[in-house]
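Reading through the structure tokens given below for one structure.
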Amino acid sequence: MPLVLYNTLTRKLEEFTPLVEGAASMYTCGPTVYNFFHIGNARSFVMSDVIRRYLEYRGYDVNFVMNITDVDDRIIKQAIDEGIDASAVAGKYTDAFLEDIARLGIRPATANPRATDNIEGIVSHIERLIAAGAAYTVEGDVYFRVSAFPAYGKLSGKRLEDLQAGARVDADSRKEQPGDFALWKTAKPGEPSWPSPWGAGRPGWHIECSVMSQKYLGDSFDIHAGGNDLIFPHHENEIAQSEALTHTPLARTWLHFGFLNIDNEKMSKSLGNFFTARDILSMYSAETLRFFYLQTHYRSPLNFSDDGLDAAAKGLQKLQGLYDQLLTAPDGEGIFDVGPWEQRFIAAVDQDMNTPAGFGVLFECARDANGLLRSDVGMTANAKAALRDFLRRSALGVFGVLHETETARADSSQIGALMDLLIAVRAKARADKQWGLSDFIRDGLKDIGLALEDGKAGTTWKRADNA
RNA sequence: GGCGACGUACCCAAGUGGCUAAGGGGACGCUCUGCAAAAGCGUUAUGCAUCGGUUCGAAUCCGAUCGUCGCCUCCA
């Protein structure tokens, strides 16, 4: 059973068959670094990360590129607002972006190319588009000539006539057609600029992705991902700019993520329902936020709420608790076969990255395992290790919702030995019905973040600070 | 106006033609326990917006209606 993905380009579920067997090339549109990114952006970044992780879990060697747009109108505007220059804004928020995705548990991309490091490539790409008749200059600006690319609209399903009918267009536009878009913009005084055959200026919004994806992944690659709102115009324009020269499909599979809403409305600064990922991460763990995202299918809209986050935090404790207890639970006799569970897990997630169904499998597995683990039979050392390994590769490795608590290995650390000793002392006290002493030990440990749990097969312990 | 998505229990959310409609949260009951915590078990949708249709059979396909939302303009 292969991985199946929904391709925006064909509007169908398709088997994932990479260009190169055993490898997968993937490009995700990264941030424009004009501010801290918000929890909607974070959803896209997390989803891209999980797709990348799952591809690796399924055995692909993944080349994952996420660009950083560090020159843009919004950056210039932010520079004016903050009273510093544009490059300082870009630098500040690029650093913040890298910090925040690390905090989100997003694995580093193979490359994070920046637009400003690729100006030469952009200029030469534009020159070639002009030479090919697919672009034209107007007073130092360069526009892409949409009419030169007959397939324009194939991704978004839009027709040029419709665009013209509905779009609000400058009456005195210097563009040949309303759908034409800027490849190069002349700099106004004080704006960041680079020399070009058309004068000092900066690249338009879409061109960098065409140039950088080609540079790092080639003319054609496997997966291009981004938020729903990038379908048009951004990705449509990327296709036009790239394929007008390469005449080969830019990306074979286009994935688009559903929006994150607040109170069922799109998040926006003007509505005041705007949250940065950074702010949310000060209140909830990255694991909780990731689980919250992954409980909804990536193409569906997701409504953001404190209740949802709280429920996610609570639910996660069950998986984390099992993961921890598999280390400290005493060895027993019970056999637990994780094989079928892993098969079900793969079958679920293979179906268009159905992460909610994947979690369904994981939680059912956890329920069964807990039942056995807490019974008087317990689980064998091998069974515990195999289950822990599965959870480490799935819930932790693919989804990134578990963490290795500092729970010291009971068999290899002083803390583990110390806990064993305390538990033994307490067991003695309990045997003598010295409840005051046994509770004193339990309460004291709880105060320093270590929870004792009495079970049929003995007492186990875990860090109580996981959430 | 053009294009598109969605409406499943108290909340969140899978399921897209055929076993008892996953899973998480919440609530209630129970088991275990010295107490607790954790965990497990049971109950919480004869029904999947509404009304028709296709079919031996539909939450799943088709049509209509109502409702919500997104894109077409910077936007993950």
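Order of the sequence lines sets the chain letters (A, B, ...), proteins ahead of strands, with each chain counted from 1.
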Inset, instruction - Compare side-chain N and O positions of A:Asn41 against OP1 and OP2 of B:A76 and report whether any pair is under 4.0 Å apart. - result: yes

Inset, instruction - Please indicate yes or no: is the ring centre of A:Phe257 less than 5.5 Å from the centre of the six-membered base ring of B:A76, with the two planes inclined by under 30 degrees? - result: no

Inset, instruction - Go ahead and name the base partner of B:U55; Watson-Crick or wobble counts if both distances stay under 3.5 Å, otherwise write none. - result: none

Inset, instruction - Indicate, with a heavy-atom threshold strictly under 4.0 Å, whether A:Asp229 touches base, sugar-phosphate, or nothing. - result: base

Inset, instruction - Kindly indicate whether the side chain of A:Asp310 and the base of B:C12 share any N or O donor-acceptor pair separated by less than 3.5 Å? - result: no

Inset, instruction - Give a yes or no on whether a donor-acceptor pair under 3.5 Å exists between the nucleobase atoms of B:C41, that is its base, and the side chain of A:Arg367. - result: no

Inset, instruction - Please report, rounded to the nearest Å, how far the C1' atom of B:U16 is from the NE2 atom of A:His297. - result: 12 Å

Inset, instruction - Just call it for A:Ser375: base, sugar-phosphate, or nothing, with non-hydrogen atoms closer than 4.0 Å on any strand. - result: nothing

Inset, instruction - Remember a base hit wins even if backbone is also touched, and classify A:Arg374 as base, sugar-phosphate or nothing at under 4.0 Å, heavy atoms. - result: base

Legend entry - Nearest-angstrom distance from the residue atom CG of A:Asp443 to P of B:A37: 12 Å

Legend entry - OG1-CD distance between A:Thr69 and A:Glu208, expressed to the nearest 0.5 angstrom: 3.5 Å

Inset, instruction - Please figure out whether A:Asn354 or A:Gly358 has its closest RNA chain B nucleotide nearer the 5' end. - result: A:Asn354

Legend entry - Donor-acceptor pair present, A:Asn261 side chain and B:G70 base, under 3.5 Å: no

Inset, instruction - Mind checking A:Gly226 for me? I need base, sugar-phosphate or nothing, with any heavy atom below 4.0 Å counting as a touch. - result: sugar-phosphate

Inset, instruction - Report the nucleotide, chosen from B:A37, B:G2, B:G34, that has the shortest atom-to-atom distance to any side-chain atom of A:Glu453. - result: B:A37

